[in-house]
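Here is the structure we will look at.
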Amino acid sequence: MSAPDCPLTGDALLVAVTDAMVELHERYHHRVPVTAKTLLLGGDLLACVLGGVYTDVEKTMIELQRKTIVQETRSAFQDAMQHKFIAAVEDLSGRDVLAFISNHHVGPDVEIELFMLKPEAGAGAPV
């Protein structure tokens, strides 16, 4: 995941963030999400939605009614690794990340990575 020569915007940014999140997921969970898409909402909120994220071990734990363990482990991992996710978005966008929120859901199998970006110069304060 190399940084672009200049900050990306528009569709190029959305594709690059999606690719970065998929790459991080594959690196640390050893599988590519089944689906992945990033949206920019209101100019300052990047939302990357990944589907089909659970490993076979996690799926088995969920089937055995141990979804709490899966959720706690995923949450602890995201908390410990948030600096990597934030750095990827900051490198690609050229903007500071003010807040990072990561969460996942069982049934449907989905994970969401939210990045609240610092407003661009002259754009006003965040919500």
Side-chain angles (χ1 to χ4, degrees):
M1 184 173 17
S2 61
D5 293 335
C6 60
L8 299 173
T9 59
D11 288 343
L13 175 61
L14 301 180
V15 169
V17 168
T18 300
D19 290 346
M21 295 303 108
V22 168
E23 184 179 318
L24 286 165
H25 194 276
E26 181 178 21
R27 178 173 180 194
Y28 294 107
H29 295 287
H30 303 287
R31 71 183 309 272
V32 174
V34 174
T35 61
K37 182 176 184 172
T38 302
L39 303 167
L40 182 62
L41 308 167
D44 296 328
L45 183 65
L46 274 173
C48 185
V49 181
L50 307 168
V53 295
Y54 292 118
T55 65
D56 288 341
V57 169
E58 290 170 323
K59 289 177 193 175
T60 301
M61 294 297 287
I62 291 165
E63 289 170 8
L64 296 172
Q65 306 302 312
R66 301 292 183 104
K67 80 176 190 176
T68 301
I69 293 171
V70 173
Q71 291 171 323
E72 288 173 353
T73 302
R74 283 243 170 192
S75 293
F77 173 80
Q78 289 302 105
D79 185 53
M81 299 298 290
Q82 67 179 317
H83 64 283
K84 290 193 179 281
F85 290 78
I86 291 169
V89 168
E90 288 181 340
D91 289 346
L92 293 168
S93 69
R95 295 170 67 184
D96 291 336
V97 172
L98 298 175
F100 170 64
I101 301 165
S102 177
N103 212 331
H104 43 273
H105 190 268
V106 175
D109 173 354
V110 67
E111 183 171 291
I112 188 164
E113 312 297 353
L114 296 173
F115 302 88
M116 181 177 280
L117 304 176
K118 182 176 181 181
E120 295 181 285
V127 177

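Sequential numbering from 1 along the given sequence is applied to the chain's residues. Values below: all heavy atoms of this structure, side chains included; hydrogens, waters and symmetry mates excluded.
- Two residues are said to be in side-chain contact when any heavy atoms from C-beta on lie closer than 4.5 Å; H104 and S75 meet this criterion.
- Applying the side chain to side chain donor-acceptor pair (under 3.5 Å) criterion to T18, with sequence neighbours excluded, gives T38.
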Show your reasoning for whether side chain to side chain contact (heavy atoms under 4.5 Å, CB included) applies to L24 and F85.
CA-CA 8 Å; L24 286 165; F85 290 78; 3.9 Å; yes
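- The distance from the CE atom of M21 to the CG atom of L46 is 9.0 Å, given to the nearest 0.5 Å.
- For the ring-ring contact (aromatic ring centres under 6.0 Å, His included) condition, the pairs that include at least one residue of residues 29-49, sequence neighbours left out, are H25-H29, H29-F77.
- Of the possible polar contacts, one joining the R31 side chain to the G52 backbone as a donor-acceptor pair under 3.5 Å is found.
- When all heavy atoms of A88 and A20 are compared, the pair lying nearest together is CB-CB, 4.2 Å.
- Residues passing the side chain to side chain donor-acceptor pair (under 3.5 Å) test with E58 are T55, R74, sequence neighbours excluded.
- Taking each heavy atom of L50 and C48 in turn, the nearest pair found is CD2-SG, 3.8 Å.
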Carefully, step by step, assess V106 and V70 under the rule side chain to side chain contact (heavy atoms under 4.5 Å, CB included).
CA-CA 9 Å; V106 175; V70 173; 5.6 Å; no
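- Considering L64, V57, I62 in turn, L64 is the only one that fulfils the side-chain contact (heavy atoms from CB on, under 4.5 Å) rule with T60.
- Applying side-chain contact (heavy atoms from CB on, under 4.5 Å) to M61 and the options I69, D56, T73 leaves one that passes, I69.
- For D96, the side-chain contact (heavy atoms from CB on, under 4.5 Å) criterion is met by E90, K118, not counting sequence neighbours.
- For Q82, the side-chain contact (heavy atoms from CB on, under 4.5 Å) test picks out D79, I86, F100, with sequence neighbours left out.
- V110 has its side chain within reach of V49: a pair of non-hydrogen atoms, C-beta onward, lies under 4.5 Å apart.
- Within the model, atoms CZ of R66 and CD of E72 stand 11.5 Å from one another, a figure rounded to the nearest 0.5 Å.
- Residues V15 and L117 do not share a hydrophobic cluster, clusters being chains of Ile/Leu/Val/Met/Phe/Trp/Tyr side chains in contact below 4.5 Å.
- Counting only distance, with no hydrogens or angles, the side chain of T35 and the backbone of G51 share a donor-acceptor pair below 3.5 Å.
- The salt bridge (Lys or Arg N to Asp or Glu O under 4.0 Å) contacts involving residues 33-42 comprise nothing, where partners must be two or more places apart or lie in separate chains.
- Taking 4.5 Å as the limit, every side-chain heavy atom of I101 sits out of range of all side-chain heavy atoms of I112.
- Rounding to the nearest 0.5 Å places CG of L14 at 7.0 Å from CG of L39.
- Between the CE atom of M116 and the CG atom of D44 there is a distance of 8.0 Å, given to the nearest 0.5 Å.
- Residues S102 and L114 form no side-chain contact, since every pair of their non-hydrogen atoms from C-beta on lies 4.5 Å or further apart.
- The main-chain N or O of V53 is found under 3.5 Å from a side-chain atom of D109 such that the two form a donor-acceptor pair.
- Side chains of E113 and Q78: a donor on one and an acceptor on the other come within 3.5 Å.
- Sorted by first and then second residue, the ring-ring contact (aromatic ring centres under 6.0 Å, His included) pairs involving residues 53-72 (not counting sequence neighbours) form an empty list.
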